[in-house]
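Following: one structure in structure tokens, then a few remarks.
Below, read A as the first sequence line, B as the second, and so on, with proteins coming before strands; counting in each chain starts at 1. All values below come from the heavy atoms of this structure, side chains included, with hydrogens, waters and symmetry mates left out.
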Amino acid sequence: MASPLSAGFCELVFQSTDTPENVQPVLQVLSVKKINAPAASGTDRYRIILSDGEYFIQSMLATQLNNFVDDGSLAKNAVIKLTSFVTNAVQGRKLVIILGLENQSWTGDKIGNPANLEQSAAANPPAAAAAAPPPPAAAARAGAKAGPPGRTASKPGKDMGPLYPIEGLSPYQNKWTIKARVTQKSEIKHWSNQRGEGKLFSVTLMDETGEIRATGFNEAVDNFYELLQEGKVFFISRARINIAKKQFSNVNNEYEIMFENQSEIEPCDDETVPQVKYNFTPIGELGNLQKDELCDVIGIVKEVHELGSVTSKATQKPFAKRDIQLVDQSGQAVRLTLWGKQAENFEHNDEPVIAFKGVKVGDFGGRSLSMFSSATMMVEPQIGEAYALRGWYDANGRSTNFQSYTNSSATKGDSSVAKPSELKTIGQAKDEQLGMGDKADYFSTEATIAFIKQESFSYPACANPDGCNKKVLDNGDGWLCEKCQKSWPNPIHRYILSLNVMDYAGSFWITAFNEVAEQILGATANELMAFKNGQDVEFNRVIQKATGQTYTFQMMAKQDQYNDQIRVRYQVRKAASPDYAAESAHLAQLINQMST
DNA sequence: CCCCCCCC
């Protein structure tokens, strides 16, 4: 049987400096391997070995095509047609980056006995320079329709090196050009610290293969800040590529670009470079996201609040701040906070549609949103979601009574119960070092009481009915409160209860103060104190009844110093019965997401 | 070489 594969394709790739054009080769998958370094977003990346029946060659799957792996159509022995791809050279090795493919419904085994082209080439180097056009035979066999390769980006008289896909950039290459759209541009930021001072800006660049952040310092600000316009496409070359510090950005790339004095940036008229892609979360579904997660949101700006200012607790610096309210078809409203210049310059009081990319989810008052430095906003974007939203708002939306996250607790049940998606295991709380920072961290965990400390579970507090609650001392003449300067015949005991709680994988000690401890034990500290002093049976009954109970705990983690040791203290702020129905629904939803 | 993303 004749091979269905495009014999000669691997040789064609190997011998061409640029991506062969007008070729849609049919190739067989020899292996699919998940790479150890996933993209910054956590997206998996796959390396795929492709065979043309004679040779095989390495390829990478553009992450937006991962669904072909997930649904099983890109598996060992599958035969695919590459409908779109680019090639590049990494340290002399050729790599195909797959941008589009069609499965060819092949059900057979491995075709032919393909050899490693790199090894063959090393043993038998081609006589012609790599820049030579491919042999006609190879091109023809690979299915080339017409035309020379030739995709070197150049302007008159200046060679800028081969055109690279963003996904193919790495610190090991220095001669490259990308053609990319600026999807985000920061303000110019000035800094000053012990290492010096200066100014900088950054942009997010995007092409059909991926995105990358680029930063320019000092002179590069003067040279390029005005030139690089948000939304425009540019040729960019002769810049440095560094390892990205991913903790500071949500841009999906291992690397980032640093503009230098000799960097070349040229505007480009080609509008085929893709626009920003959004993955909108409806406002009504923000509750399904974790606090601090980044998301895309589109909404009608229903309210614009006054410009305000806050002083950062961390830096003591003032920040301009403005809240706006967004609504959408879900009937839900959410507050979004703008900062700095974006807050000062926001003047859209005519209920526009705005699309936000990369805004941070907060949990203040249920759910809130905050602009992140790398977040972008597009007023009246020319996209389907915006037209739909506008149509709905003009027809019905304007007269809708929107549910607000901030006062949703009265209508949406007990807000003290954490949403299933927000729960952390005890192990996660420790792994994430919650409470180890300067500020307290808040989280919710579902855990079972394993042990209740029975010594010193309470302290004698001031009996003043105004709720002084300060510790009092028995001076033989009554219990003296130093704050109230009053003596009481008896104190009121208040709990400081230590509980050891555990979930399936871990445990920790937590502290419950009076109200929560009363709820957990079903007795006041005064009652328990009385039991302890007389009827041990009752005391044990209270303790045993509470032990083994499972709660959703709202926790605060905060570090303090104790005997010169820094330690994290976990305090229970609220305890509630777990909402097993909601948790099951959440799990079912996660399962559905996996299988679609 | 920044890297803070804040407040209530």
Side-chain angles (χ1 to χ4, degrees), chain A residues 40 171 184-204 212-225 239-251 253-261 263 290-295 297 303 305-325 333-346 356-377 404-409 415 437-442 556 573:
Chain A
Q184 187 261 355
K185 182 169 89 163
S186 75
E187 301 292 331
I188 296 172
K189 185 194 166 177
H190 296 261
W191 88 88
S192 170
N193 59 28
Q194 60 267 48
R195 282 198 287 258
E197 56 184 62
K199 59 184 175 181
L200 71 122
F201 78 107
S202 64
V203 291
T204 305
I212 192 166
R213 187 161 86 136
T215 303
F217 288 91
N218 301 321
E219 270 184 76
V221 177
D222 303 330
N223 291 339
F224 304 125
Y225 187 78
R240 189 144 43 112
I241 296 181
N242 292 332
I243 307 284
K245 292 174 191 161
K246 291 200 263 178
Q247 66 268 36
F248 302 126
S249 146
N250 65 323
V251 172
N253 204 306
E254 304 294 307
Y255 307 114
E256 59 187 29
I257 290 174
M258 186 104 83
F259 295 133
E260 295 177 304
N261 284 339
S263 294
Q290 297 272 4
K291 171 174 149 56
D292 294 336
E293 209 169 316
L294 299 180
C295 68
V297 168
E303 290 174 16
H305 295 248
E306 293 294 305
L307 184 65
S309 174
V310 297
T311 304
S312 162
K313 280 179 181 165
T315 64
Q316 306 304 322
K317 282 187 197 162
F319 283 87
K321 172 209 147 151
R322 188 195 298 274
D323 288 339
I324 63 175
Q325 190 194 46
V334 69
R335 191 188 79 175
L336 184 145
T337 303
L338 303 158
W339 301 98
K341 288 258 186 331
Q342 274 176 326
E344 290 168 8
N345 299 337
F346 192 91
F356 293 88
K357 182 163 188 63
V359 292
K360 198 168 89 167
V361 176
D363 61 359
F364 183 73
R367 271 292 174 266
S368 60
L369 298 170
S370 176
M371 277 303 260
F372 200 68
S373 69
S374 59
T376 61
M377 64 180 218
S404 173
Y405 271 108
T406 47
N407 44 28
S408 62
S409 57
S415 69
D438 294 334
K439 287 198 290 185
D441 286 311
Y442 298 85
M556 177 177 76
R573 299 162 69 232

### Task
Check the surroundings of atom CD in A:Glu260: do more than 12 heavy atoms from other residues, nucleotides or ligands lie under 6.0 Å from it?
yes
### Task
Just call it for A:Arg322: base, sugar-phosphate, or nothing, with non-hydrogen atoms closer than 4.0 Å on any strand.
nothing
### Message
Taking any heavy-atom pair under 4.0 Å as a contact, classify A:Thr337: base, sugar-phosphate, or nothing.
### Response
base
### Task
Round to the nearest Å and state the distance from A:Lys245 atom NZ to B:dC4 atom P.
10 Å
### Query
Which whole-number value in Å describes the distance from A:Leu369 CG to B:dC5 P?
17 Å
### Task
Sequence neighbours left out, what passes side-chain contact (heavy atoms from CB on, under 4.5 Å) with A:Lys199? Give chain and number order.
A:Ile188, A:His190, A:Asn218, A:Val221, A:Asp222
### Message
Should the side chain of A:Arg195 and the base of B:dC2 be counted as holding a donor-acceptor pair, with the cut-off at 3.5 Å?
### Response
no
### Query
Any stacking of A:Phe372 on B:dC5, going by centres under 5.5 angstrom and planes within less than 30 degrees?
yes
### Geometric class of the A:Phe259/A:Phe201 ring pair [parallel <30°, tilted 30-60°, perpendicular >60°]
parallel
### Query
Between B:dC7 atom P and A:Ile324 atom CD1, what is the distance in whole Å?
19 Å
### Task
Between B:dC7, B:dC2, B:dC6, spot the one nearest the side chain of A:Glu256, thanks.
B:dC2
### Query
Within the stacking criterion (centroid distance below 5.5 Å, interplanar angle below 30°), does A:Phe217 stack on B:dC2?
no
### Query
OP1, OP2 of B:dC6 versus side-chain N and O of A:Lys360: anything below 4.0 Å?
yes
### Task
Let me know the distance between CG of A:Asn218 and C1' of B:dC1, rounded to the nearest Å.
8 Å
### Message
If you compare every side-chain N and O of A:Trp191 against the phosphate oxygens of B:dC2 (OP1, OP2), does one of them come in below 4.0 Å?
### Response
yes
### Task
State whether A:Asn193 places a side-chain N or O below 4.0 Å from either non-bridging phosphate oxygen (OP1 or OP2) of B:dC1.
no
### Task
Can you sort out the partners of A:Thr337 under side-chain contact (heavy atoms from CB on, under 4.5 Å), two or more places apart, ordered by chain and number?
A:Lys321, A:Asp323, A:Arg335, A:Trp339
